[in-house]
Structures are given as structure tokens and as C-alpha cells.
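Got a structure here, written out as C-alpha cells. Questions coming.
Bear in mind the structure is a predicted one, so any value in this text is a computation, not a measurement.
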Amino acid sequence: MGGAIELDGALLRAPWGEPEAAELIPGLPDDVAMECLARVPSRSHRAMRHVCRGWRRAAASEAFRRRRRMAGAAEDVVFLVQATLARGGDGKGSAAATECALAAANLTTGDEGVVYVAGGHDESKNALRSAYAYDVAADAWRALPDMSEERDEPQLVATQGRMLAASGYPTDAQGAFKKTAERYTTTTTTTGDATAWSSEGDMAPNTAETCLSAVGGKVWAVGAGKGGVREWDGGAWRDVADGPPGMKACVKAVGVGDGDGAAVFVFGKVEDGKHAAWVTHAGGAARWRPVPVPPGFGGVGFGYSS
């Protein structure tokens, strides 16, 4: 059917003024054309959206994402965000340039397209207890109950209907990362658990050099050296693997995928103040594979999301 896109099992006619006979790919039924578009690698999606309005609408539909999963073409993508100084006329960073105050250590993505933010500090460097949830589909923020403790630079992990806020430090102890953690139940329950934070005690490792991440439905702590990777399922920590080879300290770890395809992406410090990246699958023995870091992204990573 020309000029129509499948959305959640239904065919919706394109609202723009394109000819009735317009097709996603001339000469092919739209369902076959969608199968072709679903196999385009994600690195080419931006260019694909500029071909025509039909392709742009198709690429934004849930049917497109569902077809990619069914075709085995879905990819796990990690986004790396860094702040840089403005470039002067000589092409070098200017010391007088305004520095971007960007920090995403207190942000995590949860289930059902929700982004959680908790802790951090205000403009006077006062540590915060506040927490918020952002619904991507509704484009709306809502306030969550305050945490029981101030937590500047905490590590947040969302997994299996819960959000864990670990470590961080209070206003009167700048940089003194604590080991305490607390949990917020992100799913509604009949017991009222979703209305407040509950303490997890002193469960956090040395988060100055260790990163927390949700991997395969569990919490991983990724650090350097032998036995540097541990797993926590709500009870005790257990050793999983050694840390990435050559890593001196972890900067950020991000879990990607699920089930047998679950993996963890790690960005960490190496020799001479440089940074490197690795990835490994969560199942079986961890075999760290180096990931080339794009030029200009070898400094401190401020934000990561999958």
C-alpha cells in the first residue's frame, strides 16, 4: 500500500501531501520495503531519514524497531558525551572560554523509556537529596521522594524495577565518597514500597575507582586488576572476572543488551593520564575486547548512555 506506514500492527496513511502512489521503495510493497530499511545499520539511520519524509516516518515508528529485532538487525549503541572548551581562532582551547558544567554520574535510564536523576549539587555546591523521573514518551518530569541522604556525584543503577543510588558525598564532606546506598522501587506495588527510599546499608565499593552498572538484570561493580569485577544481586557481592587489561581506574561502565546478548562497556584510565574503552559479554568468562576511542574523546567522560 503506497503512502502508508505500519505502526503497532496497523497501517497509518502518511499525513503529508505526498501522492497516493508514493512508495517507500518504488516497485516494492511497503511491508517488503520496511524489511529492507530495517536492515540498514544504525550508523546510516541519520542519512536514511534525509532521503524522504516516508523514510523519516518509517525510521521513527515502533514497527521499524520491531522489524529490526525480528530480523536480528537490532544493535546495542553506547553514547559518549564530553564537555570541551570552546575553540579559539588558533584552533586551540581557550583558557578564558566558558567551561561546560556537565556531569551525568547522577543519571540513569530505566525501564519503559524513563530517565532517572538523583542527587548532585546546586549552584552553591550544596549536595542534594532530590530525585526526578523523566518520561521520554510523555516529555514530562515528575518529582520522586527525596533520598534519605545528601549525595553529590552518586552512582545510579536502574534494574528489575528498582533504582539504586550508591555512594556520593554530603555538603560538609566534599569528595569523601561514602559506602552507603539506598533503593527506590520504580514499579507500583501494593505494599507502598514505591513511595520512599529504603536503605541497602554499606554495600557500595570504592566508587572513586569503581563503576556500578546494570548488566543482565544485576548490578556489576567494575574495577581494575585481578578480581576487579564483581556482581551483586541484592545480597552479597561475588567475584565475576578480572578488570580490563591495562586499566588503572574505571571512569564509567554501561550495561547493554539483555539475556544471552548482555554485555558491559567500560571507559577507564590507563597510563599517562589517557583513557581507553573495552567491552565484554556478561555470560561465561569475561574476555575484554578493546574498543577504539574516537579522536577528541580521550579525556574524562562526562556522560554515557545505552
Side-chain angles (χ1 to χ4, degrees), residues 1-81 104 107-116 133-141 158-161 186-187 213-217 254-265 277 279-283 289 291-294 297 303-306:
M1 182 183 296
I5 300 297
E6 181 188 359
L7 183 61
D8 292 334
L11 288 174
L12 301 181
R13 187 152 312 277
W16 53 82
E18 292 186 348
E20 174 66 22
E23 298 170 321
L24 287 174
I25 299 178
L28 290 180
D30 278 354
D31 58 342
V32 177
M34 182 72 88
E35 289 289 341
C36 296
L37 296 180
R39 287 165 168 78
V40 175
S42 59
R43 63 178 178 273
S44 299
H45 285 184
R46 182 176 181 181
M48 187 177 74
R49 291 187 180 97
H50 285 81
V51 171
C52 65
R53 285 174 289 184
W55 284 26
R56 183 165 64 247
R57 181 176 173 85
S61 69
E62 176 58 32
F64 178 75
R65 293 186 286 272
R66 184 171 62 250
R67 292 286 183 93
R68 284 178 59 79
R69 291 192 294 268
M70 293 175 61
E75 301 163 279
D76 294 318
V77 180
V78 174
F79 295 91
L80 168 63
V81 180
L107 177 151
T108 189
T109 53
D111 300 328
E112 306 299 331
V114 178
V115 177
Y116 297 99
Y134 174 69
D135 187 315
V136 176
D139 188 21
W141 286 93
T159 179
Q160 295 184 333
T186 60
T187 54
S213 176
V215 182
V254 178
V256 295
D258 51 26
D260 294 338
V264 60
F265 170 87
V279 66
T280 186
H281 286 288
R289 177 170 57 87
V291 177
V293 177
F297 285 83
Y304 305 75
S305 181
S306 62

Exercise for the section: Drop me the distance from Phe265's CZ to Thr280's OG1, to the nearest 0.5 angstrom. Expected result: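 Here the interatomic distance stands at 13.0 Å.
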Exercise for the section: Kindly indicate whether the side chain of Trp141, heavy atoms from C-beta on, has any atom under 4.5 Å from the side chain of Asp135. Expected result: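 No. Closest side-chain heavy atoms not under 4.5 Å.
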Exercise for the section: For residues Ser213 and Gly255, report the shortest heavy-atom separation together with the two atoms involved. Expected result: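 In this case the closest contact between Ser213 and Gly255 is OG-N, 2.8 Å.
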Problem - Matching residue for Leu37 among Arg67, Arg68, Met48 - test: side-chain contact (heavy atoms from CB on, under 4.5 Å) - result: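 Among the candidates, only Met48 passes.
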Exercise for the section: Count the heavy atoms belonging to other residues, nucleotides or ligands that lie under 6.0 Å from CZ of Arg289, then report whether that count exceeds 12. Expected result: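 Open: at most 12 neighbouring heavy atoms sit under 6.0 Å from CZ of Arg289.
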Exercise for the section: Identify the two heavy atoms, one from Ala158 and one from Ala214, that lie closest to each other, and give their separation to 0.1 Å. Expected result: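 Here Ala158 and Ala214 meet closest at O-CB, 3.5 Å.
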Exercise for the section: Evaluate the side-chain proximity of His45 to Val40: yes if any heavy-atom separation is below 4.5 Å, no if none is. Expected result: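 Yes. Closest side-chain heavy atoms under 4.5 Å.
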Practice task
Quick one: closest heavy-atom pair of Phe64 and Ala59, and the distance?
Solution key: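 Between these two residues, the closest heavy atoms are CD2-O, 3.5 Å.
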Exercise for the section: Grab the two heavy atoms, one from Cys36 and one from Leu28, that are nearest each other, plus how far apart they are. Expected result: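 Closest heavy-atom pair between Cys36 and Leu28: SG-CD1, 4.5 Å.
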Handout entry: Atom of Ser61, atom of Met34 and distance for their closest heavy-atom approach
Key =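 Heavy atoms of Ser61 and Met34 come nearest at OG-CE, 4.1 Å.
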Problem - Beyond-backbone contact of Arg57 with Leu24, side-chain heavy atoms, under 4.5 angstrom - result: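 Not in contact.
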